[in-house]
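Okay, so here's the structure we're looking at.
The sequence lines fix the lettering, A, B, ..., with proteins before strands; numbering per chain opens at 1.
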Protein chains: 2
Amino acid sequence: MASGRFAMAVHALALLAQDGDGYPSAYLAGSVNTHAVFLRRVLARLARAGFIEAREGRGGGYRLARAATDIPLSEVYREMEPEGPLTASPCDPNPRCPVGAGMRSAFAATAEVARSGLEQALARQTVADVARRALRPPTQKKKEKRT
Amino acid sequence: MASGRFAMAVHALALLAQDGDGYPSAYLAGSVNTHAVFLRRVLARLARAGFIEAREGRGGGYRLARAATDIPLSEVYREMEPEGPLTASPCDPNPRCPVGAGMRSAFAATAEVARSGLEQALARQTVADVARRALRPPTQKKKEKRT
DNA sequence: GGTGTCTGTAACCGTGACGGTTGCAGTAGT
DNA sequence: ACTACTGCAACCGTCACGGTTACAGACACC
């Protein structure tokens, strides 16, 4: 399910965090290295979620609707990947098997724990953090003492 | 990326946790409600990782190689989904953009944090936990007070 | 008002992963 | 030898993803 949509959204948001002028989708697409139309599909979801604002017409473009420091990545993830990291059941288990019968709910609980753990980890980072890290040249990568 | 492989692996492991006789893939496939050959593709990876053992020939089948209480779901996840929950870069960002240039490493750090959070959450559950929960009839679902 | 620049959206397609299916070789009990 | 298994390769249908084109609506500028 993951599929780059989240990555693209984060990239676009970090781009918009640079300054508040408002960028057209063509410009953003140039940096993300994708196509403007597809990017707009992602941006439309971000706009619907209230992260960004779109101004139509000549001179229009996209701009952040909230401060970059006020957009935790967990919210972006939730918006872009509502199903969570673990696909529950592409095929339902056999209900006639005693284990299979209770398996769906048992796995759903596991999936919920996993999603919660992932979102808590993402909640500690904001769009501003990613934007700052992207600009900070990682010439020396001695930052990763924390495993 | 998720894609049910992890769910299938957990289901099969929970099934094998019932008792140590050894079950043929056809039996497991019956409960998981999939096909024996595809299940064996999953089981082969579990065997290579050392979670289960396969005995060929007549009367053979699969059995746990370690105690069910000694198989945390985080290890199973790592084996089945080595790429983690966040696909890093289906398309590389434009290196000529100052933000795009540092974006890959910046997002990689985010993805690493996310994967770590997810695995830590999964590390708190074992195959035995899932097996027990699957057998425990969820007639009353008052367990979910924790949001 | 007309024009050009933008977003919004629908439609279509190529690609690739995923899951299903068949077939066959190898192994081991009986 | 026969039978019941695993192991593995090959093939196929399906579907989400991303790319692409086309067009309608909105808005600034002349």
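With sequence neighbours left out, the side-chain contact (heavy atoms from CB on, under 4.5 Å) criterion links B:Thr126 to B:Ala128, B:Asp129. Checked against side-chain contact (heavy atoms from CB on, under 4.5 Å), A:Pro24 has the following partners two or more places apart in sequence or in another chain: A:Tyr27. Residues that satisfy the ring-ring contact (aromatic ring centres under 6.0 Å, His included) test with B:Tyr62, not counting sequence neighbours, are absent from this structure. For B:Ala9, the side-chain contact (heavy atoms from CB on, under 4.5 Å) partners at least two apart in sequence or on another chain are B:Val42, B:Leu46, B:Val76, B:Met80. In this structure, the side-chain contact (heavy atoms from CB on, under 4.5 Å) partners of B:Ala49, at least two apart in sequence or on a different chain, are B:Phe51, B:Glu79. For A:Gln120, the side chain to side chain donor-acceptor pair (under 3.5 Å) partners are A:Ser116, not counting sequence neighbours. Residues passing the salt bridge (Lys or Arg N to Asp or Glu O under 4.0 Å) test with B:Arg40, sequence neighbours excluded: none.
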Under-3.5 Å N/O pairs linking protein and nucleotides 14-16 of chain C:
none

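Following rounding to the nearest Å, B:Leu39 (CG) and D:dG7 (P) show an atom-to-atom distance of 12 Å. The CE-P distance, from A:Met80 to D:dC17, rounds to 10 Å in whole Å. Between the CD atom of B:Glu83 and the C1' atom of C:dA17 there is a distance of 11 Å, given to the nearest Å. Between the NE2 atom of A:His11 and the C1' atom of D:dG18 there is a distance of 17 Å, rounded to whole Å. Taking atom CZ on B:Arg45 and atom P on D:dG7, their separation rounds to 14 Å, with Å as the unit. The interatomic distance linking B:Arg41 (CZ) with C:dG23 (C1') rounds to 13 Å, in whole Å. One atom, CG of B:Leu28, and another, C1' of D:dT6, lie 12 Å apart when rounded to the nearest Å. One atom, CZ of A:Arg40, and another, C1' of D:dG18, lie 15 Å apart when rounded to the nearest Å.
Judged by distance alone with a 3.5 Å cut-off, no donor-acceptor contact links the side chain of B:Arg5 to the base of C:dG19.
Between B:Phe107 and A:Phe6, the ring planes lie tilted relative to each other; the angle falls in the 30° to 60° range.
Contact annotation: B:Tyr62 reaches the phosphate of D:dG7 (side-chain N/O to OP1 or OP2, under 4.0 Å). For D:dT6, neither phosphate oxygen OP1 nor OP2 lies less than 4.0 angstrom from any side-chain nitrogen or oxygen of B:Tyr23. For the OP1/OP2 pair of C:dC6 and a distance below 4.0 Å, the side-chain nitrogens and oxygens of A:Ser25 include no atom meeting the criterion.
Proximity note for B:Phe38 (side chain, C-beta onward) versus D:dA9, D:dT6, C:dG20: the nearest is C:dG20. The nucleotide whose nearest atom lies closest to any side-chain atom of A:Pro24 is, among C:dG19, C:dT7, D:dC5, C:dT7.
Residues of residues 47-59 of chain B that place a heavy atom closer than 4.0 Å to DNA chain D, in numerical order, are B:Ala54, B:Arg55, B:Glu56, B:Gly57, B:Arg58.
Taking CG from B:Leu86 and CG from A:Leu118, the interatomic distance works out to 6.5 Å, rounded to the nearest 0.5 Å.
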